[in-house]
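Okay, structure first, notes after.
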Amino acid sequence: MLQKIWLSSPHMGGREFEYVKEAFDTNWIAPLGPNVNGFEKDLEAFLENDSKAAALSSGTASLHLALILLDVKRGDEVICQSLTFSASANPIIYQGATPIFVDSEADTWNMSPELLEIAIKDRLKKGKKPKAIIPVHLYGMPCKMHELMSIAQKYDIPIIEDAAEALGSKYENQPLGTFGIMSILSFNGNKIITTSGGGALISKKQSLIDTARFLATQARDAAPHYEHSHIGYNYRMSNICAGIGRGQMEVLDLRVKQRRENFDKYREILKDLPGISFLSEPDGFFSNRWLTTILVNPHQSGGITREDIRLELEKNNIESRPLWKPMHLQPIFKDAPFYGDGTSEQLFDRGLCLPSASNLSVSDQKNITDIIQRIFKKSSLS
Ligand SMILES: *Cc1c(COP(=O)(O)O)cnc(C)c1O
């Protein structure tokens, strides 16, 4: 059997180990230290726009703290994109609040501005003003930020950008992660850069970042003994992980280029197969193309479905995966309110993520496209 081809594997740049070794040599083996500070500086320099960063233990922890900083608590409502990974919504539940799910639009697959406004109006009519809005830049594609932000402004509800998949993407030339009052990043093993596991909270507001760091380190008040006037969390990033992050930041631009080249190659080879389509970037949208995704329309493909392709790849030891299953269809969220028009459901039915690692070899990618082309050839012969 050939070696397994993964959807999105880690890809070290080369200098990560030097930073980690320095941490060992200086005995900074702790959830603080020079690499943590350095990694935060690197993120701030990359994002510009007065960004401040708190390096944390995961993207999920970052989102949890963002909700705490907005005082989301039991009985509150928070609007969240339905088509996403469950980690976008779980922290709402951690706070005892209710997620209100909103469907996607077809141009970016992200939160529909029209449905967002319908949802807000209806929640207001029912007597509750949502505490926050969580749009997600799925697979690296920016949301329609201008439209979402003007609605958020109109109703005075803060936006937390879930940019976990979108480091390196831009909207009208401005990096994603710099639009919301806060935004979160993830450095999990499968993301565009990784610290093995980790995340960050980003904001222009220094006070929010200071409070996030305070809460993330067990909320210790200033005193010689341990004194607590807040509930704390153990959410800080380790100095070892941050060392990996510093090395990864040196190759982030290259990783974006490599992921975008994967996308271009897939599109060039597969775009003429009947029923297969790719998501283009609208004017002013720049995606890091974290994962290359395709839609398979069985009415145009001679009956070939997304599952036919996924299973054939699996037979060849190649990992691919359906798009995120929308949250409003998840058993755990079945009782949560949802405002939709069927868009995310259809995307889930037809969408497939293809292997997209920045270290995907030319020959592995050719193997993948050959297999997909053969499925279509066989079907046109029969
Ligand atoms: C990965 C991811 C997260 C969670 O990040 P972790 O670092 O794995 O906790 C949140 N939202 C989205 C959209 C993600 O893809």
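Source: prediction; values computed, not measured. First listed ligand is number 1; within each ligand, the first listed atom is number 1.
Which parts of ligand 1 touch Asn188 is read off a 4.0 Å heavy-atom cut-off, strictly below it: atoms 8 (O). Atoms of ligand 1 lying under 4.0 Å from any heavy atom of Val136, numbered from 1 in the order shown and given with element: 13 (C). For ligand 1, the atoms lying closer than 4.0 Å to a non-hydrogen atom of Ala164 are 2 (C), 3 (C), 10 (C), 11 (N), 12 (C), 14 (C). Near Ala87, with a cut-off below 4.0 Å to any heavy atom, the atoms of ligand 1 are 3 (C), 4 (C), 10 (C). Taking every non-hydrogen atom of Ser58 and a distance limit under 4.0 Å, the qualifying atoms of ligand 1 come out as 7 (O), 9 (O). The contact set between ligand 1 and Ser186, taken as ligand atoms under 4.0 Å from a residue heavy atom, comprises 1 (C), 5 (O), 6 (P), 7 (O), 8 (O). Set against the non-hydrogen atoms of Thr84, the atoms of ligand 1 under 4.0 Å away are 13 (C). Within ligand 1, counting atoms from 1 as listed, the ones closer than 4.0 Å to a heavy atom of Gly198 are 7 (O).
Closest to atom 10 (C) of ligand 1 by heavy atom, among Ile134, Asp162, Leu83, Thr60, is Asp162.
At least one N or O atom of Gly59 sits closer than 3.5 Å to an N or O atom of ligand 1. Residue Trp324 has no N or O atom closer than 3.5 Å to an N or O atom of ligand 1.
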Worksheet entry | Trace of the side-chain contact (heavy atoms from CB on, under 4.5 Å) decision for Ile244 with Met12 | CA-CA 8 Å; Ile244 303 174; Met12 292 299 105; 3.9 Å; yes
Discussion item. Between His11 and Gln248, does the side chain to side chain donor-acceptor pair (under 3.5 Å) criterion hold? Intermediate values first, please.
Written reply: CA-CA 9 Å; His11 186 184; Gln248 289 272 278; over 6 Å; no
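In this structure, atom 1 (C) of ligand 1 lies nearest to the protein heavy atom Lys191 NZ, 1.6 Å. In this structure, the protein non-hydrogen atom closest to atom 15 (O) of ligand 1 is Glu165 OE2, 2.6 Å.
Between His230 and Phe214, the ring centre distance stays below 6.0 Å. Taking the six-membered ring for Trp and the full ring otherwise, the centers of Tyr266 and Phe278 sit at least 6.0 Å from each other.
Taking 4.0 Å as the cut-off, Ser88 counts as a neighbour of ligand 1 on heavy-atom distance.
The only member of Asp103, Asp162, Asn110 that meets side-chain hydrogen bond (donor to acceptor under 3.5 Å, both in side chains) when paired with Gln81 is Asn110. For the ring-ring contact (aromatic ring centres under 6.0 Å, His included) test with Phe39, the passing option among Phe187, Phe46, Tyr19 is Phe187; the others fail.
Side-chain atoms of Asp308 and Thr305 include a donor-acceptor pair closer than 3.5 Å. There is a side-chain donor-acceptor pair under 3.5 Å between Arg123 and Tyr339. Under 3.5 Å, the side chains of Ser229 and Asp221 contain a donor-acceptor pair of N or O atoms.
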